[in-house]
Amino acid sequence: MPQKFQNFINGKWVDAKSGRTFENRNPANWDEVVGIFPKSGKEDVDEAVKAARAAFEKWRLMPAPKRGDIMRKVGDLLVAHKEELAREMTREMGKVLLETRGDVQEGIDTAYYASSEGRRLFGHTVPSELPNKFAMAIRVPIGVAGIITPWNFPMAIPTWKIFPAILSGNTVVFKPATDTPKTATTLIEILMEAGIPEGVVNIVHGGGSEVGNAITSHPDVDLISFTGSTLVGKQISKSSSDTLKRVSLELGGKNAQIVMDDADLDLALDGVLWGAFGTTGQRCTATSRLILHEKIYDKFMTMLVDRTKKLRLGDGLLQSTDVGPCVNESQRKTVASYVEIGQQEGATLVAGGADANGDGLSKGWFYQPTIFSDVKPTMRIAKEEIFGPVLSVIRAKDVEESIRILNDTIYGLSSSIYTRDVNKAFVAIRDIKAGITYVNVPTIGAEAHLPFGGVKQTGNGHREGGWTVYDFFTEWKAVYVDYSGKLQRAQIDNY
Ligand code: NAP
Ligand code: MG
């Protein structure tokens, strides 16, 4: 019998009020049920928001360094459970152990960063224009934060949001993706074990249109932090606007790696293989386009196709596996449909292009690592996010044209250029329109203490990670203290 899990509301594990449930399956072996989870609705969200609102009044008053002490314990517990968490994550969403370990490590890094931020949360003091008057701006918590996350980083992304939210003094209602409820549940258990008081963090499992929408339109939720597709991000932008919430949207990408004719080609090859096929291409920062200088195009394509055909598909729990499955059936169908589109558009299929059904693969949502060459920048496979193991290769004549092609999408998350020419590297840093630019590094590999996010339709201008996420989860309050003992009028009495 598969294990049954519950929501966590106001410090108690509870079923959905409706009693409904959903299953979560292992994408590498769909016969294996990871667990049964509550299929919640608006009535469960209402309870969670009520609990979070009540808890906020106490939690906001705990000194931030004390909240930081709890975050340190959270980090220690994540370290202690790292291996077990990584295995559980691979079972529920398929990426290989090496990567799920990295996913947990990002949570650890974020916890320790938050812990130390408890002793900073810097504000500003500035001089007043009037004598005997003191002026400062301080950060204050905002209230109840609704947190909605995707399945591709089941630990890292929730921690990027929840840890700074609570360190800043807010309380949380968390809806994880329906494909990764188990990792989210373990995260809640760890937060409780570390000593987070009841009501401060609540989890409500269930679908986007029911639970997600109930959170984003709830009048008593002050903030929404969302990571997911651009399509859903636009819906959330609308559903949260009636109550004028502060909303952070981290959305899709169509990231490209440029390889110049002077690049170290072996290094660029390792980079693109990791960027395109790591996490089975299911990263917001995945390398979905490769832009090759025409002088090295043929040589590099031969190297790339050869190495891609050697990638080993399989269960991510096996040491021998390079590439795991797609997360679910519908994701694999999306990939297959884009491969069809690519062929109809006239691109040349040079690797993959079909489901993978070999030994040990027949009960998983596996798709062969796929490459299209001769892709034109105007084709749909060059413009739209596919979110699977498909790489579109485009030819360019110089750095300027490469950057023009790279920028020619509605997205702007990550980008990469391989070159040994420092002048070209700096032109790329200046002219690429993206939130992240890597030089001689693939499009994936963000570190937890730097700003993370994108431009254009990848988001709405906020940044996660590092110090920047604290700007989202706190409100500025300007404070004036006049100790002159008389009425002093700004802009008037001095001039
Ligand atoms: P998704 O379909 O947009 O779902 C993301 C989350 O939103 C899930 O928890 C989903 O619930 C929920 N949701 C769906 N409809 C909703 C609605 N109407 N109101 C509120 N919540 C709703 O994305 P995904 O397939 O999980 O993840 C892949 C996407 O995320 C890709 O586009 C990828 O680029 C993007 N992503 C972006 C970043 C970044 O930082 N920029 C990072 C990672 C991923 P269900 O699980 O129930 O559907
Ligand atoms: Mg699953």
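The structure presented is a predicted model; accordingly, all values stated were derived computationally and were not measured. Each ligand, and each atom within it, is numbered from 1 in the order the structure gives.
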Check whether any heavy atom of [X] sits under 4.0 Å from an atom of ligand 1.
X      : result
Ile157 : yes
Phe387 : yes
Gly454 : no

Do ligand 1 and [X] have nitrogen or oxygen atoms that lie under 3.5 Å from each other?
X      : value
Gly208 : yes
Gln235 : yes
Lys175 : yes
Gln331 : no

Once you restrict to heavy atoms under 4.0 Å, what part of [X] touches ligand 1? Side chain, backbone, both or neither.
X      : result
Asn152 : side chain
Leu251 : backbone
Val232 : side chain
Glu250 : both
Phe452 : side chain
Ile236 : side chain
Glu385 : side chain
Ile148 : side chain

*Just jot down the ring pair (Phe, Tyr, Trp, His ring centres under 6.0 Å) partners of Phe56, sequence neighbours excluded, or say none.*
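In terms of ring pair (Phe, Tyr, Trp, His ring centres under 6.0 Å), with neighbours along the sequence ignored, Phe56 is linked to no residue.
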*List for me each residue that meets ring pair (Phe, Tyr, Trp, His ring centres under 6.0 Å) alongside Phe472, sequence neighbours excluded, and say none if there are none.*
His462
*Heavy-atom closest pair, residues Arg289 and Thr409*: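 Closest approach of Arg289 to Thr409: NH2-CG2, 3.2 Å.
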Need the ligand 1 atom indices (1-based, order shown) with element for anything under 4.0 Å from a heavy-atom of [X].
X      : answer
Thr227 : 5 (C), 36 (N), 37 (C), 38 (C), 39 (C), 40 (O), 42 (C), 43 (C), 44 (C)
Gly212 : 19 (N), 20 (C), 21 (N)
Gly207 : 47 (O)
Leu413 : 41 (N)
Ala177 : 9 (O), 46 (O)
Asn213 : 19 (N), 20 (C)

Closest protein heavy atom (residue, atom, distance) for [atom]:
atom                    : value
atom 35 (C) of ligand 1 : Gly228 O, 3.1 Å
atom 42 (C) of ligand 1 : Cys284 SG, 2.8 Å
atom 27 (O) of ligand 1 : Pro150 CB, 3.3 Å
atom 7 (O) of ligand 1  : Phe226 CE1, 3.1 Å
atom 6 (C) of ligand 1  : Thr149 O, 3.5 Å
atom 26 (O) of ligand 1 : Trp151 CD1, 3.1 Å
atom 45 (P) of ligand 1 : Thr178 OG1, 3.5 Å
atom 3 (O) of ligand 1  : Ser229 OG, 2.6 Å

*asked:* One pair to check against side chain to side chain contact (heavy atoms under 4.5 Å, CB included): Phe8 and Glu189. What are the steps and the verdict?
replied: CA-CA 9 Å; Phe8 189 72; Glu189 287 166 359; over 6 Å; no
Taking the six-membered ring of [Y], is the NZ or CZ of [X] close enough (under 6.0 Å from the centre) and on axis enough (within 45°)?
X      : Y      : result
Lys175 : Phe226 : no
Arg139 : Trp467 : no
Arg120 : Tyr113 : yes

*Salt bridge between Glu88 and Arg91, side-chain N to carboxylate O under 4.0 Å?*
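Arg91 and Glu88: not salt-bridged.
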*Are any of the side-chain nitrogens in Glu345 or Arg380 under 4.0 Å away from the carboxylate oxygens of its partner?*
no
_Any protein heavy-atom neighbour for atom 24 (P) of ligand 1 (distance below 4.0 angstrom)?_
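So far as the 4.0 Å threshold goes, atom 24 (P) of ligand 1 is in reach of a protein heavy atom.
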*Could you walk me through whether Arg307 and Asp270 pass side chain to side chain contact (heavy atoms under 4.5 Å, CB included), step by step?*
CA-CA 9 Å; Arg307 281 278 297 280; Asp270 284 340; 3.0 Å; yes
*Check the pair Ile444, Trp274 against side chain to side chain contact (heavy atoms under 4.5 Å, CB included), reporting the backbone distance first and the verdict last.*
CA-CA 8 Å; Ile444 64 183; Trp274 178 231; 3.9 Å; yes
Under 3.5 Å donor-acceptor, [X] side chain and [Y] backbone:
X      : Y      : value
Asp44  : Ala16  : no
Thr370 : Gln368 : yes
Glu385 : Gly253 : yes
Glu99  : Thr279 : yes

*Relative to each other, are the rings of Trp151 and Phe387 parallel, tilted or perpendicular (30° and 60° limits)?*
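Perpendicular, since the angle between the ring planes exceeds 60°.
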*Result of checking Glu447, Glu250, Arg463 against Phe452 for side-chain contact (heavy atoms from CB on, under 4.5 Å)*: Glu250
